[in-house]
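Structure first, then comments.
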Amino acid sequence: MDIRNIAIIAHVDHGKTTLVDELLKQSGAFRENQAVAERAMDSNDIERERGITILAKCTSVEWKGTRINIVDTPGHADFGGEVERILNMVDGVCLLVDAAEGPMPQTKFVTSKALALGLRPIVVLNKVDKPDAEPDRALNEVFDLFANLGASDEQLDFPHVYASGRSGWADNELDGPRKDLSALFDLITRHVPAPKQIAAAAEPFRMLATTLSADPFIGRILTGRIESGTARVGDQVKALSRTGERIEQFRITKILAFRGLAQTSVDAAEAGDIVTIAGMSKATVADTLCALDVDTALPAQPIDPPTISVTFGINDSPLAGKDGNKVQSRVIRERLLKEAESNVAIKIEDTPGGEAFIVSGRGELQMGVLIENMRREGFELSISRPRVIFRDENGQRMEPIEEVIVDVDDDYTGAVIDKLTGERKGDLVEMRPAGVGKTRIVAHVPSRGLIGYHGQFLTDTRGTGVLNRIFHGWAPHKGPIQGRRVGVLISMENGVSVAYALWNLEERGKLFIGAQEQVYEGMIIGEHSRDNDLEVNPLKGKKLTNVRASGTDEAVRLTPPVRMSLEEAIAYVEDDELVEVTPKIVRLRKRFLDPHERKRQSRSA
């Protein structure tokens, strides 16, 4: 059977996973009466809740005698480690662009990787049936994007179709019949080349491992595309590292091929097909699985370095151990090492004490997803403020710079530009109209300046602005950047909060807790309206007397507290503060000092 391997690239929420749903349905991958969840490729709970693709996943459809292996790639740059690996498995890419928004930052990130590998793109202008769609403008912007990314003449001569993933149609012309996706299927089989590097069957087996996972029944499994030869169940093969060093020799115990959403066990797989192999105990991502007589490893795509680091520690607050059952540093370390094994974009280091671990990754969202997964598994953690990773070049300190693209109402452009270029040391690159009453702002801002900015951005734009960011490059250190401008309200007592005390504290600032919530000394219960920290007593009750007065019996009415999401809390804390994460709640607190340190600080104050 003919094979085509293709990856789908799109920005967050441009309809990629919905389009894959329709491709599966119209190719006959499902029975007529089969119950299938919406966005079937979003297999992870967090993916379904947030509407984003985190893990690269494969599926397979058949169309007129051709098997099309489709790879659903993550849309967010924080999960770029998945993208860089997965593009090694495909021979073409399908770029999905919202006809109203045009190409966005994550589109740019993944497309640059695909073009650098020489992959030929197909452009799908999605959501052309929306009232604000401008497909011609979006198509011109895609061409400009390809040209700016250094695409070859062959890549610039790309075919395109107009589509609506939700409605399940794609046409070569904007005013086409709008029946089904056959135009897109035919374009893929015609434009995407058959797998390259397919050698004669006599050549030895070689496969580059691109994703790692574990199965409770068959153990460690690696997925990749077979570059040459044939893999058979029972064959003795070996694994080579990127440098060509022998890692292990093992017997292939199982070969799984993608058929629709399921994986089917097969006896053999040939060059060009994307399969999953079991039987290894040490081999991991970027290793080459090959026949015993092969001595050279396949070239593996280098991974962009991490740009931020976060310290994961044990939860040492007075309320530790009440919600979760995994609280020991040993258990936390094992879980983080397991994550680093399958996610090559994450690096783990031990701190000198051994009770905390420095986790380096690509961005706040990636860290937030890892922490969210761990808390759902029953872990309790204390998390530090994200720190940017610097590096030295020729004796000069360099810091990561991000490209920020903002779509905002014209009324708020001044406030956004002032914050990005003034307070946060960014450089304005471009500013142009982006529809009626809207402006698009492009700026290069240090990653340090963007930590904690998103909440302030939503306040400045009254919740109407859209901000996207992507790693741009490295630049000389731009000097100090002011952090949070306000202090916090800190509990001075242990116990349960009282409504009357909180009512009196409302004039001091915004509260993060409500009445009848457990608090402890050092816990942050609110944001102070001034720039200093203030210790307060949220347990102070109303003094009772036998004198009746006007207003004595009025009910206490509290303003609803501010409830931060996990990512918001991580970005909010300062260097002397921590986020306490448990399966049920997210709290903020000051770092606990030993008694001698507290005495020394109180004397100096």
Side-chain angles (χ1 to χ4, degrees), residues 2-11 14-16 18-20 22-24 26-27 61-73 75 87 89-104 106-108 110-130 133-196:
D2 282 346
I3 295 175
R4 298 291 185 272
N5 297 321
I6 190 165
I8 296 188
I9 298 172
H11 183 75
H14 276 202
K16 166 168 43 70
T18 304
L19 180 70
V20 174
E22 288 298 323
L23 290 171
L24 288 164
Q26 295 189 24
S27 67
V61 300
E62 288 187 20
W63 181 258
K64 296 179 180 177
T66 300
R67 178 177 300 126
I68 303 174
N69 290 321
I70 300 171
V71 181
D72 187 12
T73 61
L87 289 176
M89 297 200 303
V90 299
D91 305 292
V93 292
C94 180
L95 175 61
L96 194 70
V97 177
D98 189 308
E101 295 184 6
M104 297 292 278
Q106 273 76 53
T107 311
K108 178 178 177 181
V110 188
T111 305
S112 66
K113 301 287 183 186
L115 295 177
L117 290 170
L119 301 176
R120 296 174 62 193
I122 293 171
V123 174
V124 178
L125 297 166
N126 196 28
K127 304 184 183 181
V128 293
D129 50 355
K130 286 172 62 177
E134 297 181 57
D136 292 338
R137 175 184 59 80
L139 189 61
N140 290 334
E141 289 179 357
V142 171
F143 184 88
D144 293 341
L145 172 65
F146 284 5
N148 293 335
L149 294 176
S152 65
D153 291 342
E154 186 183 29
Q155 289 171 329
L156 286 173
D157 186 22
F158 57 83
H160 66 277
V161 294
Y162 302 94
S164 171
R166 182 173 289 278
S167 302
W169 59 263
D171 290 316
N172 295 315
E173 304 294 335
L174 187 56
D175 54 354
R178 301 191 174 188
K179 286 184 180 177
D180 53 29
L181 292 169
S182 56
L184 178 56
F185 278 119
D186 292 338
L187 183 57
I188 291 172
T189 55
R190 189 172 66 247
H191 183 74
V192 176
K196 54 188 176 183

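What you see is a predicted model, and the numbers here were worked out from it, not measured in a lab. One is the number of the first residue; the rest follow in order along the sequence.
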Please indicate whether Lys130 has more than 12 foreign heavy atoms, meaning atoms of other residues, nucleotides or ligands, lying under 6.0 Å from its NZ. yes

Quick one: pull up CD1 in Ile9 and OG1 in Thr111 and give me the separation to the nearest 0.5 Å. 4.5 Å

What residues form a salt bridge (charged side-chain N to carboxylate O under 4.0 Å, His left out) with Glu154, not counting sequence neighbours? Arg120

Atom pair CG/CG of Leu19 and Leu181 - distance to nearest 0.5 Å: 6.0 Å

Any non-hydrogen side-chain atom of Asp175 less than 4.5 Å from a side-chain atom of Tyr162? no

Can you name the salt bridge (charged side-chain N to carboxylate O under 4.0 Å, His left out) partners of Arg137, sequence neighbours left out? Glu134, Glu141

Closest non-hydrogen atom pair, His191 against Pro121: NE2-O, 3.5 Å

Between Leu95 and Val97, is there a side-chain heavy-atom distance shorter than 4.5 Å? yes

Does the side chain of Ser182 come within less than 4.5 Å of Trp63's, by heavy atoms? yes

Find out whether Ile8 and Val124 are in side-chain contact, i.e. whether some heavy atom of one side chain is under 4.5 Å from a heavy atom of the other. no

Could you tell me if the side chain of Ile68 sits less than 4.5 Å from the side chain of Thr189, heavy atoms only? yes

Applying side-chain hydrogen bond (donor to acceptor under 3.5 Å, both in side chains), name anything that partners Asn172, two or more places apart in sequence or on another chain. none

Strictly distance-based, threshold 3.5 Å: is any side-chain N or O of Asp171 a donor or acceptor partner for the main-chain N or O of Arg178? yes

Is the Phe158 ring parallel, tilted or perpendicular to the Phe143 ring (thresholds 30°, 60°)? tilted

Any ion pair linking Asp129 and Arg166 (charged N to carboxylate O, less than 4.0 Å)? no

